[in-house]
Trainee: 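Have a look at this one.
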Amino acid sequence: MGMYDIIDKKKRGGEFTRQEIEYFINGYVEGMVPDYQVAALLMAIYYQGMSDNELLDMTNIMANSGEINDLSGIEGIKVDKHSTGGVGDKTTLVVAPVVAACGGKVAKMSGRGLGFTGGTIDKLESIPGFNTSISNKRFFEIVNSVGLSVIGQSEGLVPADKKLYALRDVTATVDSIPLIAASIMSKKLAGGSDKIVLDVTTGSGAFMKNIDDAVILAEKMVAIGEGAGRQTVAYITNMDVPLGIATGNNIEVIEAIETLKGNGPDDFVEICRKFSASMLNLAGKGSIEECMSMVDNVINNNTALDKLADMVKMQGGDERYIYNTSLFDKAAYSYKWTANKDCYITHMDTEHCGRSAVILGAGREVKESVIDFTAGIKFYKKTGDYIKSGDIIAELYSSDKEKLDKASEYIKQAYCFGSENVSKNKTIIAYITKDEVERY
Ligand code: URA
């Protein structure tokens, strides 16, 4: 067996054996197989796809290419939640404390921002003192005592994905459904949780631009999770507009805190309630309806907010910020973009909106970029809204005047306006289990 034959086999639409997958994944991680051959193989996979068996084997082999998290030191059923990425997605900051307040266990490893999509770890680090790189021992202690902890993904987890993702990034093979499924699920399997709720985003601000592709991706990820013995369900959610109002770092944390106090924007509240109830349901806490009322209860009585504050304190952060959000730094500069005529917003290019936030300093232009925690955008009006002349469409924030000026012009290309209304997508579009696809 050699790489030439493996590439040729996939180019002709063949199905790999487990040994062939082990050969190229392990060979690539160990430096025995060169980038140029894996690049050719990725492109062959991009065009020919992978069968369910190949995908399960590849994901398991990738998951086992590095450390595997053993969460057995944490009592109870551990439930994870993962989003395929989007703009304004601060869901973890709400669902993790809500689930913990209802007696669930969330031991979560999260990522940093990637391109135009934000990352939970960057958002949490906008709380002064919050430490996202604690030892495993401390991680377990916090989950056992508080019910939740969110930390950065450890360096040793799934090295195969690190190498493959970097190569996909420069070979135009990121948006391949099987490659995305294997990349995400290998990290979920290595992360060690027992049950998984997936949020597969779709629309102009997501990897999956259309709903049918999002459903296929979700079905593949659910099949991998179930095939690996982890009960997995997926929701397809709308990323044709940013989620909630705020996109940035500390302004998203503030929006999450407001949501935990019962004052969140409607679309974000809907997603948080549904995902929390689903996670609790998987953890055996009751039916979806029963879990939903537990969720509402811990928001109404502030215990979910207290959970967030407890986690922040245990991870070295200043929990006063959770109870008094006016302590957060504010951007030195801001710009209000106002409407100059009465009309509808007929389309938003949400990826472009995310890129505007990156220009402001809320994300990284290059890996080494330093994040401006105060930078970001509030989207007061979104697709399907009627706006009147003088209404504020969006407000942009930055510590850097030049960046603010640049992004203030750039964001205007993200919107289309018209005199005819367009229908808004539902926030939650479908629910997928191993047995069925339910479209809402
Ligand atoms: N997120 C990942 O972790 N991997 C992908 O391939 C795409 C999104």
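Note that ligands are numbered from 1 as they come in the structure, with each ligand's atoms numbered from 1 the same way. The analysis underlying the following values was restricted to heavy atoms, covering all of them including side chains, and did not include hydrogens, waters or symmetry mates.
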Trainee: Check whether more than 12 heavy atoms from other residues, nucleotides or ligands sit under 6.0 Å from atom NZ of K162, and answer yes or no.
Mentor: yes
Trainee: Taking the six-membered ring for Trp, are F24 and F16 closer than 6.0 Å centroid to centroid?
Mentor: yes
Trainee: For atom 1 (N) of ligand 1, what's the nearest protein heavy atom and its distance?
Mentor: I184 CG1, 3.8 Å
Trainee: Do we get K403 above Y397's six-membered ring, with its NZ or CZ under 6.0 Å from the centre and within 45° of the axis?
Mentor: no
Trainee: Which residue and non-hydrogen atom of the protein lie closest to atom 8 (C) of ligand 1, and at what distance in Å?
Mentor: F207 CE1, 3.5 Å
Trainee: In terms of residue, atom name and distance, what is the protein heavy atom nearest to atom 3 (O) of ligand 1?
Mentor: K187 NZ, 2.4 Å
Trainee: Give the atoms of ligand 1, by number and element, whose distance to some non-hydrogen atom of S183 is under 4.0 Å.
Mentor: 2 (C), 3 (O), 4 (N), 5 (C), 6 (O)
Trainee: Quick one: salt bridge (charged side-chain N to carboxylate O under 4.0 Å, His left out) pairs with a partner in residues 215-229, sequence neighbours left out?
Mentor: D52-K220
Trainee: Going by distance only, is there an N or O of R168 that falls short of 3.5 Å from an N or O of ligand 1?
Mentor: yes
Trainee: Under the salt bridge (charged side-chain N to carboxylate O under 4.0 Å, His left out) rule, collect the residues that match up with E395, sequence neighbours excluded.
Mentor: K336
